[in-house]
Amino acid sequence: MGLKGSAAPLAGMENRTYTADAEPGDEVTVAGWVHEIRDLGGIAFLILRDTSGRIQVKFEKDEMDDDLVETGLGASRESVVSVTGAVEEEPRAPTGVEVTPESVEVISEADTELPLDPSGKVDAELSTRLDNRTLDLRREEGQAIFEIRAEVMRAVREAFREADATEINTPKIVATGTEGGTELFPITYFGQEAFMNQSPQLFKQLVAGSNLERVFEIGPIFRAEEHNTPRHLNEATSIDFEGAFCDHNDAMDVCESVVVSAYEAVAENCQRQLEALDLEAEFEPPETPFPRLSYEEAIERINATGELDEQLVWGDDLPTEGEKALGDDVGGHYFITDWPAEIKPFYIMDHDDGELSTGFDMMHPRMELVSGGQREHRRDHLIEGFEQQGLDPEAFEYYTKMFDYGMPPHAGWGLGAERLIMTMLDLSNIREAVLFPRDRQRLSP
RNA sequence: GCCCGGGUGGUGUAGUGGCCCAUCAUACGACCCUGUCACGGUCGUGACGCGGGUUCAAAUCCCGCCUCGGGCGCCA
């Protein structure tokens, strides 16, 4: 559960002990990175760091073997070392315990000039950090983010299972775009034109129409938009849900429970990681139920804030500034429902009047997290929608055909995993929430 | 796609025409120090993104390129 060091079943490599598990009276071998060496003259301390934390190794120069002292204190920062010795209680040590070494081995030496400082004394810019992600993730903040991300994914899967949804995986290499509009990455597939998929939308609908009924997918999506912002990625992780015999309200219920479950799991199981991020005091799951504002109410409230230079009128999409004004006004997660039909995609079902759709967005005060709705399951309406959006229904025959064989009413949504993590942990840049982000200028590592 | 702002030792920064063979921190090297916990102290090594131009004089002004970040649009 990410709490390394408590009842760890496996620390690896014959009899290695995690630093956090070293108890006074034990004879242990600890292995990790040289975090720092503090040489006070007659006595020196090597701080050894591993995934579970840190431990201090003591070198008393007059009382120890010269070779041992030389090896230990000669190791450069971030070198990988293994230390065997007795663990003793020592109130003067940072963690209350200290290792008196009997043997020290330098397993892998690090260059003395590092591209960034894992001890965190000197900041590094995000691009320097991403270029050297391994070193960057030796900082406890980075480690914490990805341990929390893993816990979020675990909790999300569990919440979906509780909602009777089956995990699926759909293709990322596709012949046609999902919705038109957004830019796709073209690739060549054995001489045929193909694309990286922007969304599992159409595929998850096809599976919702099967006996699986309720499905979810956690997987990559690709968008070739040349945006350059702290909240966009060209390769992102989408958490998708689609359920047969669900309407948009049911879909919102599932959405809310999945998001809240993720927060609760982190609050419950990631205390140490939250402390590393200095969030333990303020972190709490969002209040439920999330308010459900209609689109019309949303634009009225935005206009009432007076934050925008120009008043919004019915039919406008919400500008970024408006989303922020509304987010500040609401102060927590919320849904925007009943969008004008014309600004939602063809596969979203309209309400009876045709003016409004069942489409909804789920918002965090900082940004949009989720987009969803009830889907159009009536073949005729669907084909009409394709044509209205300037798409050729023929190209999507693999999809539309299945609406001829009994397609139940269904609804679903897609949640940006990185945006969820970013807003949950108040990260200033979405790239912090991805190990190796892909953006307008970054293709490696 | 449109717009704006940056690039100075390994890292992060100060420096808006001469005061700069460039500031500070950290790292690195040497030396001193027996309880550090951002250990401390002394000394030292190390940098103006690339190319062109203006000027008596360019890190500083201009142009082009490369590169990074941000705002909008669009979206998750």
Side-chain angles (χ1 to χ4, degrees), chain A residues 35-47 54-64 69 76-78 90-96 98 110-132 135-136 139 178-183 198-201 218-240 255 316-324 343-345 361-364 366-372 413-423 428-431 433-434 439-442:
Chain A
H35 186 70
E36 194 164 20
I37 289 172
R38 300 201 185 100
D39 190 340
L40 275 63
I43 192 168
F45 304 103
L46 182 157
I47 314 297
R54 297 175 201 166
I55 199 163
Q56 175 162 290
V57 181
K58 173 181 66 176
F59 292 88
E60 281 180 300
K61 295 178 187 172
D62 292 342
E63 296 165 31
M64 287 182 181
V69 172
S76 52
R77 279 161 80 234
E78 297 305 318
E90 174 51 75
R92 290 172 294 184
T95 58
E98 170 175 274
D111 278 358
T112 50
E113 292 213 320
L114 302 169
L116 58 80
D117 171 21
S119 75
K121 279 181 231 171
V122 181
D123 289 341
E125 287 191 0
L126 185 57
S127 90
T128 304
R129 293 173 41 212
L130 294 174
D131 284 339
N132 300 279
L135 285 172
D136 182 45
R139 293 163 52 252
T178 303
E179 297 148 45
T182 192
E183 295 290 321
Q198 66 167 111
S199 153
Q201 181 59 38
I218 301 175
I221 56 171
F222 304 89
R223 309 257 164 119
E225 298 288 342
E226 296 195 35
H227 34 45
N228 189 8
T229 80
R231 60 185 184 283
H232 287 95
L233 293 163
N234 294 292
E235 177 176 351
T237 308
S238 183
I239 298 170
D240 269 88
C255 175
D316 286 345
D317 211 339
L318 303 188
T320 304
E321 205 185 348
E323 283 181 5
K324 282 180 181 151
I343 57 176
K344 284 290 173 186
D361 287 354
M362 197 276 279
M363 314 289 295
H364 176 276
R366 284 177 72 191
M367 70 189 77
E368 180 181 343
L369 255 35
V370 172
S371 179
W413 43 263
L415 160 64
E418 286 81 14
R419 286 190 174 186
L420 175 64
I421 304 295
M422 177 187 185
T423 52
S428 62
N429 194 308
I430 198 165
R431 295 165 180 86
V434 191
D439 63 34
R440 180 66 193 88
Q441 26 261 338
R442 181 171 293 275

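Here is how names work: the chains are called A, B, and so on, in the same order as the sequence lines, proteins then strands, and each is numbered from 1.
Taking the P atom of each, B:rG6 and B:rC61 are spaced 9 Å apart, rounded to whole Å. Nucleotides B:rG9 and B:rA27 are separated by 11 Å at their C1' atoms, to the nearest Å. Rounded to whole Å, the C1' atom of B:rG41 lies 27 Å from the corresponding atom of B:rA47. As rounded to the nearest Å, B:rG69 and B:rA25 have C1' atoms that lie 23 Å from one another. Nucleotides B:rG51 and B:rU67 place their C1' atoms 15 Å apart, quoted to the nearest Å. Taking atom P in both B:rG29 and B:rC62, one finds a spacing of 42 Å when rounded to whole Å. Of the P atoms belonging to B:rU54 and B:rG12, the separation is 34 Å, rounded to the nearest Å. Rounded to whole Å, the P atom of B:rA38 lies 35 Å from the corresponding atom of B:rG49.
In this entry the distance linking CD1 of A:I430 with P of B:rC75 reads 16 Å, nearest Å. Counting to the nearest Å, the C1' atom of B:rC75 and the CE atom of A:M422 are 14 Å from each other. Atom CG in A:D131 sits about 15 Å away from atom P in B:rG10, given to the nearest Å. Between the C1' atom of B:rC75 and the CD atom of A:E225 lies a distance of 7 Å, rounded to the nearest Å. If you take CG of A:D117 and P of B:rU11, they are 12 Å apart, rounded to a whole angstrom. Rounded to whole Å, the distance from CG on A:L420 to C1' on B:rA76 is 11 Å. The CG atom of A:L114 sits 13 Å away from the P atom of B:rG10 (whole-angstrom rounding). Counting to the nearest Å, the P atom of B:rU11 and the CZ atom of A:R139 are 16 Å from each other.
In terms of phosphate contacts, A:K121 brings a side-chain nitrogen or oxygen within less than 4.0 Å of OP1 or OP2 of B:rA27. Contact between the side-chain N/O atoms of A:S371 and the OP1/OP2 oxygens of B:rC75 is not found at any separation under 4.0 Å.
Side-chain polar atoms of A:Q56 and A:T95 form no donor-acceptor pair below 3.5 angstrom.
The neighbour count for A:D317 CG, taken as heavy atoms of other residues, nucleotides or ligands under 6.0 Å away, is above 12.
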In B/S/- notation, 5' to 3', how is nucleotides 66-71 of chain B contacted by protein heavy atoms closer than 4.0 Å? --SBBB
Report, as a single string ordered 5' to 3', how protein heavy atoms within less than 4.0 Å touch nucleotides 28-36 of chain B: B base, S sugar-phosphate only, - not at all. SS---BBBB
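Backbone-only engagement by A:A124 is indicated by non-hydrogen atom pairs under 4.0 Å involving sugar-phosphate atoms exclusively. Here A:L233 lies in heavy-atom contact (under 4.0 Å) with a base. At the heavy-atom level, A:T237 lies nowhere under 4.0 Å from the strands shown.
Using a 4.5 Å heavy-atom threshold, the side chains of A:L318 and A:M363 count as separate. Counting heavy atoms from C-beta outward, A:P200 and A:I221 have side chains that approach closer than 4.5 Å. Side-chain contact between A:F45 and A:L40 is present, with heavy atoms from C-beta onward closer than 4.5 Å. Inter-residue side-chain proximity for A:L233 and A:R431 is flagged as met; some heavy-atom pair is nearer than 4.5 Å. Side-chain contact between A:I430 and A:H232 is absent, with no heavy-atom pair separated by less than 4.5 Å. The shortest side-chain heavy-atom distance between A:R223 and A:S199 falls under the 4.5 Å cut-off.
Of the two residues contacting RNA chain B, namely A:K344 and A:P319, the nearest-nucleotide position lying further toward the 5' end is that of A:P319.
In a base pair of the Watson-Crick type (N1 to N3 plus N6-O4 or O6-N4) or a G-U wobble (N1-O2 and O6-N3), with each distance short of 3.5 Å, B:rC61 is matched with B:rG53. Look at B:rC28: its Watson-Crick or wobble partner, with both distances under 3.5 angstrom, is B:rG44. In this structure, B:rC72 forms a base pair with B:rG1, meeting either the Watson-Crick or the G-U wobble geometry with both donor-acceptor distances under 3.5 Å. Base-pair partner of B:rU13: not found among the strands shown (Watson-Crick or G-U wobble, both distances under 3.5 Å). Remark: B:rC66 base-pairs with B:rG7; criterion is Watson-Crick or G-U wobble with both hydrogen-bond distances under 3.5 Å. In a base pair of the Watson-Crick type (N1 to N3 plus N6-O4 or O6-N4) or a G-U wobble (N1-O2 and O6-N3), with each distance short of 3.5 Å, B:rA38 is matched with no nucleotide.
With rounding to the nearest 0.5 angstrom, the CG atom of A:L114 is 7.5 Å from the OG1 atom of A:T112. The CG atom of A:L415 sits 9.0 Å away from the CD1 atom of A:I218 when rounded to the nearest 0.5 Å.
The pair A:D123-A:R129 does not count as a salt bridge, with every side-chain nitrogen at least 4.0 angstrom from each carboxylate oxygen.
In this model, a side-chain donor or acceptor of A:H232 finds a partner on the base of B:rC74 within 3.5 Å. Between the base of B:rC75 and the side chain of A:R419 there is a donor-acceptor pair shorter than 3.5 Å.
Checked against side chain to side chain donor-acceptor pair (under 3.5 Å), A:E368 has no partners two or more places apart in sequence or in another chain.
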